[in-house]
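Notes follow once the structure below has been shown.
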Amino acid sequence: MFRVRRSVTVATAALAAALACAPVAQAVPAGPATAVTSTVAGAMAPAADRLASAPSGARLRISTAYELPGERVYPEGIAADPRTGDLYAGSFADGTVFRMAPGRRTAQIFLPAGADGRHTANGLKADRFGRLWVTDSTTGVSVYDTRSRRLLARFEVPGEGARFVNDIAVTPDGGAYLTDSARAVVYRVTPDRLADAGDEPVALTPRFDLGGLLDAHAPGAYTLNGIVADPSGRYLLVVDMAGGDLYRLDTGSGAIRRVALHGGDLRNADGLELRDGTLWAVHNSDYAISRWRVSRDGSSARLERRAADEELRLPTTLVRVRGTLYVIRSQFDKGGPMGEGTPETPFTVAAVRGI
């Protein structure tokens, strides 16, 4: 599957796509997935324009929490281990996975570049069963034991069409849901399928198909990105970064409905974090973080605060631990998949407070 250079080319082309709007979709049951092509939104604006135009309701307090060794890391995903407190971050450029321990500023390599044939790492999630899920945009997801680092299972997108496996959410039962930004579908890995997986890759199965529901977008634009699970596992929230919408996916019935957003939208939203009815989102090319209050049933969300800051260095995702947001500073627009230039090294994970 494609390595760094090809990944950069595809992602850069996708980021040039313009956005368009269409009528609101109605709640419908899920159907079989189709190879609908999609991807990220909006051309990059100059930094000054981004910050001047972004709504601001908070002043962020940003500091460096961890350093990631390497000259061209371009991190993308982050996860918190609920059992140990360790954080994990993945390199979009070569697939390295780093582990960050509390009290240690420099991250250690947990999985080296190219481990198990992976040459990129997108979404990460550590679950309460001692497993680390690592998505590879070009193929699917690999599941590792966090103690032994052993590969437990691998799930791959079937077929030869376009795919971009992006983010992941884990439900309380140990199952997982993954977004495909190119096909506008959400795959499901059930606990039974995970338990039965052997040494050979297993085909991913689509559970939700949003291809016919999303607002009109440019051909080839990435759409679905960040995804989170309600603590009870009853529903998922997934963002369409091209259209700026949020969707509620019912894990039991398969029904899909658009969440009513009040006070703003989620355009350019990337990673999401949901805690006690509060949803945080990073808006990558806006250098921004927004905070939303979600209704108890997940049907609506109200924007409470939004702030932008150059020090976020093009954030791609975040995780909240003990009241602090840990945010990936991807620097994708500094010689990575979203622009030319030279990154500031070392690459870092920021600690963000104030929102």
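Sequential numbering from 1 along the given sequence is applied to the chain's residues. This one's a predicted model, so the numbers in the text were calculated from it and none came from an experiment.
- Minimum interatomic distance between Val170 and Ala229 (heavy atoms only, all atoms of both residues): O-CB, 3.9 Å.
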Working note: Tyr247 + Asp240, criterion side chain to side chain donor-acceptor pair (under 3.5 Å); need CA distance, chi angles, decisive distance, verdict. CA-CA 8 Å; Tyr247 289 86; Asp240 168 19; 5.0 Å; no

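- The backbone N or O of Arg183 sits nowhere less than 3.5 Å from a side-chain atom of Arg163 that would complete a donor-acceptor pair.
- In this structure, CD1 on Ile355 lies 11.0 Å from CZ on Arg61, to the nearest 0.5 angstrom.
- A donor-acceptor contact shorter than 3.5 Å links the side chain of Thr84 to the backbone of Asp86.
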Checking Glu304 against Arg291 for the salt bridge (charged side-chain N to carboxylate O under 4.0 Å, His left out) test, could you report, in this order, the C-alpha distance in whole Å, the side-chain angles of both residues, the deciding distance, and whether it holds? CA-CA 6 Å; Glu304 293 183 328; Arg291 190 186 78 199; 2.8 Å; yes

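- Arg118 has no carboxylate O lying under 4.0 Å from a charged side-chain N of Asp136, or vice versa, which leaves the two without a salt bridge.
- Rounded to the nearest 0.5 Å, atoms OG1 (Thr342) and CZ (Arg72) are 8.5 Å apart.
- When atom types are taken as modelled, the side chain of His283 and the backbone of Arg267 share a donor-acceptor pair closer than 3.5 angstrom.
- Between Ala184 and Leu224, the shortest heavy-atom distance links the atoms C-CD1, 3.5 Å.
- With hydrogens and angles ignored, the 3.5 Å screen pairs no side-chain donor or acceptor of Arg329 with any backbone N or O of Pro315.
- No side-chain donor from either of Thr278 and Asp276 sits under 3.5 Å from a side-chain acceptor of the other.
- Two residues are said to be in side-chain contact when any heavy atoms from C-beta on lie closer than 4.5 Å; Leu246 and Leu279 meet this criterion.
- Using modelled atom types, one side-chain atom of Arg128 and one backbone atom of Pro172 make a donor-acceptor pair closer than 3.5 Å.
- Connection of Leu204 to Trp133 is established within a shared hydrophobic cluster, with ILVMFWY side chains joined at heavy-atom distances below 4.5 Å, either directly or through further cluster members.
- Tyr144 and Phe155 fall into different hydrophobic clusters, where Ile, Leu, Val, Met, Phe, Trp and Tyr residues are linked whenever their side-chain heavy atoms come under 4.5 Å apart, directly or through other members.
- One finds the CD atom of Glu273 at 9.5 Å from the CD1 atom of Ile78 (value rounded to the nearest 0.5 Å).
- Within the structure, salt bridge (Lys or Arg N to Asp or Glu O under 4.0 Å) pairs that include any residue of residues 189-204 do not occur (at least two apart or interchain).
- A donor-acceptor pair under 3.5 Å links the side-chain atoms of Ser232 to the main chain of Arg234, judged by distance alone.
- Put simply, the side chain of Thr179 gets close to the backbone of Asp167: a donor and an acceptor are under 3.5 Å apart.
- Tested against Tyr177 for a side chain to side chain contact (heavy atoms under 4.5 Å, CB included), the candidates Ile168, Leu249, Thr251, Val189 yield a single pass: Thr251.
- Judged by distance alone, with hydrogens and angles left aside, the side-chain atoms of Thr120 form no donor-acceptor pair with the main-chain N or O of Gly95 at under 3.5 Å.
- Relative orientation of the Phe110 and Tyr88 rings is perpendicular, given thresholds of 30° and 60° on the angle between their planes.
- Checking side-chain atoms of Asp180 against main-chain N and O of Phe164 turns up a donor-acceptor pair under 3.5 Å.
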Which is it for Arg207 and Val186 under the side chain to side chain contact (heavy atoms under 4.5 Å, CB included) test, yes or no, and what are the steps along the way? CA-CA 6 Å; Arg207 170 56 171 154; Val186 175; 5.5 Å; no

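- Considering CG of Asp270 and CG of Asn166, their distance stands at 6.5 Å, rounded to 0.5 Å.
- Judged purely by distance below 3.5 Å, without hydrogens or angles, the side chains of Tyr287 and Asp309 never pair a donor atom with an acceptor atom.
- For residues 288-310, there are no ring pair (Phe, Tyr, Trp, His ring centres under 6.0 Å) pairs, not counting sequence neighbours.
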Using the rule given for side chain to side chain contact (heavy atoms under 4.5 Å, CB included), can you reason through Arg302 versus Ser295, listing the C-alpha separation, both sets of side-chain angles and the distance that settles it, and then say yes or no? CA-CA 8 Å; Arg302 181 174 299 277; Ser295 64; over 6 Å; no

Does Arg131 form a side chain to side chain contact (heavy atoms under 4.5 Å, CB included) with Lys125? I'd like the steps, not just the answer. CA-CA 8 Å; Arg131 299 182 298 235; Lys125 187 66 70 175; over 6 Å; no

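- The hydrophobic cluster containing Leu132 also contains Leu151, counting ILVMFWY residues as joined when their side-chain heavy atoms lie under 4.5 angstrom apart, directly or transitively.
- Considering only heavy atoms from C-beta on, Tyr326 comes within 4.5 Å of Tyr66 through its side chain.
- Side-chain atoms of Asn225 and Ser181 form no donor-acceptor pair, as typed in the model, at a separation below 3.5 Å.
- Each of Asp209, Leu236, Leu213 was compared with Ile256 under the side chain to side chain contact (heavy atoms under 4.5 Å, CB included) criterion, and only Leu213 meets it.
- When the shell of 6.0 Å around CZ of Arg104 is examined, it contains 12 or fewer heavy atoms from other residues, nucleotides or ligands.
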Assess the residue pair Phe332 and Phe92 against the criterion (ring pair (Phe, Tyr, Trp, His ring centres under 6.0 Å)); give the C-alpha distance rounded to whole Å, side-chain angles, the decisive distance to 0.1 Å, and a yes or no. CA-CA 9 Å; Phe332 277 5; Phe92 179 79; 5.4 Å; yes

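- No side-chain donor from either of Tyr235 and Arg248 sits under 3.5 Å from a side-chain acceptor of the other.
- Under the 4.5 Å side-chain contact rule for hydrophobic residues, Val134 and Val143 do not share a cluster.
- Electrostatic pairing of Arg313 and Glu344 counts as a salt bridge here, judged by a charged N lying under 4.0 Å from a carboxylate O.
- Here the side chain of Ser148 pairs a donor or acceptor atom with the backbone of Arg150 at under 3.5 angstrom.
- Residues Tyr74 and Asp94 bring no donor and acceptor atom of their side chains to less than 3.5 Å of each other.
- The two residues Ile328 and Ala89 make their nearest non-hydrogen contact at CD1-CB, 4.0 Å.
- Residues Leu318 and Val352 have side chains not in contact (no heavy-atom distance under 4.5 Å, counting atoms from C-beta outward).
- For Asp127 and Arg83, the salt-bridge test fails: no basic side-chain N is under 4.0 Å from an acidic carboxylate O.
- Considering only heavy atoms from C-beta on, Leu266 stays 4.5 Å or farther from Asp245 through its side chain.
- By the 6.0 Å contact criterion, CG on Asp297 is enclosed, its count of non-hydrogen atoms from other residues, nucleotides or ligands being greater than 12.
- Using a 4.5 Å heavy-atom threshold, the side chains of Arg293 and Leu303 count as separate.
- With 3.5 Å as the limit, one finds no donor-acceptor pair spanning the side chains of His262 and Ser300.
- Linking Ile, Leu, Val, Met, Phe, Trp and Tyr residues whenever their side-chain heavy atoms come within less than 4.5 Å places Leu124 and Leu111 in a single cluster.
- When all heavy atoms of Asp215 and Gly243 are compared, the pair lying nearest together is OD2-O, 4.3 Å.
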